[in-house]
Amino acid sequence: MTRIVFLDRDGVINRAVLRDGLPTPPASVQDLEVLPGVPQALASLKAAGFLLVVVTNQPDVARGTQTREAVEEMNDTLRRSLPLDAVKVCYHDDRDHCDCRKPSPGMLLEAARELDADLGRCYMVGDRWKDIEAGQRAGTTSILVECGYPEKGPGRPAATVRSLKEAADWIIAREKVQA
């Protein structure tokens, strides 16, 4: 079965824009900045046999402060420049009570079904508690990229790191031990 590393987008792959201490997505493709070390980290994970799937909440579309086209343009730019296998997007806000908005695991479960993945052998890398909880609820091993946001979640990640590169190194080392 397939192994996937699920990745949050803003704050893990590209630089998030901080507003009131919390991360928000860039406004446009011109503002999209891939974080240092991300291409190398993704290449290492691909070489280790993982599929790479972005799972991202983009509630600003539902809130009317961002367009779906702008989000898709940023996702297309990332797909062209990075070895991503899929991008799953939730355009809902909390009030929509959907199954796809993290911390619900819907995007992860959908990708796992589509790609025939064993969620017990998959990982979720995110920078917010909603990412960690979604990964745990889906049955993955969840890793927090600590960015210093003023929020705490209900669960504990399997590991806390400072970057996607550190997360990739942790995953690859863990897989070697389990092999």
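- Among residue pairs with one or both ends in residues 66-90, none qualify as ring-ring contact (aromatic ring centres under 6.0 Å, His included); sequence neighbours excluded.
- By the side-chain hydrogen bond (donor to acceptor under 3.5 Å, both in side chains) test, Asp60 pairs with Arg63, sequence neighbours left out.
- Under the side-chain hydrogen bond (donor to acceptor under 3.5 Å, both in side chains) criterion, Arg68 pairs with no residue at all, not counting sequence neighbours.
- Residues that satisfy the side-chain contact (heavy atoms from CB on, under 4.5 Å) test with Asp94, not counting sequence neighbours, are Arg101, Lys130.
- For Thr160, there are no side-chain hydrogen bond (donor to acceptor under 3.5 Å, both in side chains) partners, not counting sequence neighbours.
- Test Gln136, Arg128, Glu133 against Pro103 for side-chain contact (heavy atoms from CB on, under 4.5 Å) and you get one pass: Glu133.
- For the pair Met74 and Val29, the minimum side-chain heavy-atom distance is below 4.5 Å.
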Would you give me the side-chain donor-acceptor pairs under 3.5 Å for residues 163-173, sequence neighbours excluded?
residue : atom : partner : partner atom : Å
Ser163  : OG   : Lys165  : N            : 3.4
Ser163  : OG   : Glu166  : N            : 3.1
Lys165  : NZ   : Asp169  : OD1          : 3.2
Lys165  : NZ   : Asp169  : OD2          : 2.8
Glu166  : OE1  : Arg162  : N            : 3.1

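- Clustering of Ile, Leu, Val, Met, Phe, Trp and Tyr by side-chain heavy atoms under 4.5 Å joins Met1 with none of the others.
- Between the CZ atom in Arg15 and the CG atom in Leu32 there is a gap of 11.0 Å [rounded to 0.5 Å].
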>> Between Glu110 and Cys100, does the side-chain contact (heavy atoms from CB on, under 4.5 Å) criterion hold? Intermediate values first, please.
In response: CA-CA 9 Å; Glu110 179 182 348; Cys100 54; 5.9 Å; no
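- Heavy-atom minimum distance, Asp93 versus Ala62: N-CB, 3.9 Å.
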> Can you check salt bridge (charged side-chain N to carboxylate O under 4.0 Å, His left out) on Arg79 and Asp76, steps first, answer last?
Replying inline: CA-CA 5 Å; Arg79 274 197 285 272; Asp76 289 343; 2.6 Å; yes
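- When the side-chain contact (heavy atoms from CB on, under 4.5 Å) test is applied to Pro39, the partners found at least two apart in sequence or on another chain are Val34, Leu82.
- Side-chain contact between Pro26 and Arg9: present, with at least one pair of heavy atoms (C-beta onward) separated by less than 4.5 Å.
- Put simply, the side chain of Glu175 never gets that close to the backbone of Arg121: no donor and acceptor are under 3.5 Å apart.
- Rounded to the nearest 0.5 angstrom, Leu7 CG and Ile143 CD1 are separated by 9.5 Å.
- Connectivity analysis of hydrophobic side chains (ILVMFWY, heavy atoms under 4.5 Å, direct or indirect) links Ile4 to Phe6, Leu51, Val53, Val55, Met107, Leu108, Leu109, Leu115, Leu119, Met124.
- The OG atom of Ser28 sits 8.0 Å away from the CD atom of Gln66 when rounded to the nearest 0.5 Å.
- For the pair Pro23/Cys147, no side-chain contact is recorded, criterion being any heavy-atom separation below 4.5 Å from C-beta on.
- The nearest pair of heavy atoms linking Ala43 to Pro83 is N-CG, 4.4 Å.
- Considering NZ of Lys102 and CZ of Arg137, their distance stands at 13.0 Å, rounded to 0.5 Å.
- To the nearest 0.5 Å, atom CG of residue Asn57 and atom CG of residue Asp8 are 7.5 Å apart.
- Listed by chain and number, the residues in a side-chain hydrogen bond (donor to acceptor under 3.5 Å, both in side chains) with Glu73 amount to none (sequence neighbours excluded).
- When all heavy atoms of Ala134 and Ser104 are compared, the pair lying nearest together is CB-O, 3.7 Å.
- Scored by the side-chain contact (heavy atoms from CB on, under 4.5 Å) test, Val17 finds Arg19, Thr24 as partners (sequence neighbours excluded).
- In this structure, Val5 and Val125 approach most closely via the heavy-atom pair CG1-CG2, 4.0 Å.
- For residues 108-152, every residue pair satisfying the ring-ring contact (aromatic ring centres under 6.0 Å, His included) rule, not counting sequence neighbours, is listed here: Phe50-Tyr123.
- Across Pro150 and Leu22, no two heavy atoms sit closer than the pair CD-CD2, 4.0 Å.
- If you take CG on Leu84 and CD1 on Ile13, they are separated by 5.5 Å, rounding to the nearest 0.5 Å.
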> Between Asp85 and Lys46, does a salt bridge (charged side-chain N to carboxylate O under 4.0 Å, His left out) hold up when you go through it step by step?
Replying inline: CA-CA 10 Å; Asp85 295 291; Lys46 289 295 280 186; 2.8 Å; yes
